[in-house]
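Heads up: the structure comes next, in structure tokens.
Read the numbers this way: they start at 1 and go in the same order the structure lists the ligands and their atoms. Starting from 1, each residue takes its place in the sequence as its number.
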Amino acid sequence: MALVEEIVAMEKELTEWRRDIHAHPELGLEEIRTSDFVAAKLEEFGIDVVRGIGKTGLVGVLKVGNETKSIGLRADMDALPIHERNTFAHRSTRDGIMHACGHDGHTTMLLAAAKYLKETQNFSGQVNFIFQPAEEGIGGAKAMIEDGLFEQFPCDYLYAMHNAPGLPVGKFGATSGLRTAAGAFFDIDIVGTGAHGAHPDNAVDPVVVAGELITSLQTVVSRNVKPTETAVLSVTQVHAGDAYNVIPASGRLSGTVRTFSIELMEKIERRVTELAVGIAAAHGAEAIVDFRIVFHPVVNDEEASKIAAEVCDALVGPENVIRESPPSTGSEDFSFMAEQVPGCYLIVGNGADSHPLHNHDYDFNDEALVHGASFFARVVEESLKPDAS
Ligand SMILES: [Zn+2]
Ligand SMILES: [Zn+2]
């Protein structure tokens, strides 16, 4: 039971890479510096690189020996529109953009495994190192698939990993079945009639419609979803007006919905639309609903999860490997890849005292780098063992 020695020896260098990426965050489909950084590293290791798969996405290809089996390893590269509050030396150099989900760490872990696997070549088959852009609801996984990811780089199994705040470093989770929720984003434009703030009788007030609609939307989960099923509906943005004495002509509500099935998501879409259109009409206004399903649920393949859990056992001991855990209402666009190729989406501990994901105080824990990288390295060596015969 041990981490990969050669990767542990790289820890200082990996921390430098991770902090470099952290200091230079880029939003989804704008990961130009990041993909340049990744491509330069892969080329330096001697790994073939194909760029432009999903705009800023790229794939490193390493083929060793004669076996035809192949493994895909996927990391995400994008940051979030959050202003970082940390003051350490590697804090974001870009105002309003921050690696608050640890994708800087995921990218570094996969680069580390690529370097190790190229140097040691202790397997036979092909490894596709998939560096995905735009995971945060901007469609990066779909963009790579639409650009022929799995036609150009066929994979028998796929693995991806996300850091988990609250889970101690050195622990993994590799659980079969449903892992993350389907996710939708919605915008509801409420169109009324503007007027002087002192003369509401001349207006169709979209602010009043919005207020009523926010409250009514809370009945969708409580009244339309089976009590035994899980769903979340959050209105997260309210926009209308910009003066004290003007009733605006329009307003917008936006938010997100999470479910564990597409059928339930479609039912909620229907209810959101009915409520928005109906409540607006009752006040003489109009509602235009744009409801977009941006994530499918991640369902881990049973065999891939078994392989992943066994690899983790060998790295940190079975007592540190979670095999059963409830699914999360978070979402992940790895779901679209895992619909095409059997895969396992793991979690790796980011520390018991880590700040939560998407928080302005968050930072990826550099101590987790060697754990994640060791997993990626060993899952390849275990899955692509050279034929003994
Ligand atoms: Zn995120
Ligand atoms: Zn993330």
* Which residue pairs pass the side-chain hydrogen bond (donor to acceptor under 3.5 Å, both in side chains) test with at least one member in residues 192-220, sequence neighbours excluded? -> Glu212-His283
* Asked: Around the Zn ion (ligand 2), what protein N, O or S atoms are found below 2.8 Å?
  -> Cys101 SG, His103 NE2, His162 NE2
* Other than Phe295, which residues form its hydrophobic cluster under the rule that side-chain heavy atoms must be closer than 4.5 Å? -> Phe185, Val294
* Structure fact -> Apart from Leu29 itself, its cluster of hydrophobic side chains linked below 4.5 Å comprises Ile138
* Within 45° cone of Phe336 ring axis and under 6.0 Å: Lys142 NZ or CZ -> yes
* Glu5 CD: over 12 foreign heavy atoms closer than 6.0 Å -> no
* **Residues Arg74 and Asp76 bridged, charged N to O under 4.0 Å** => yes
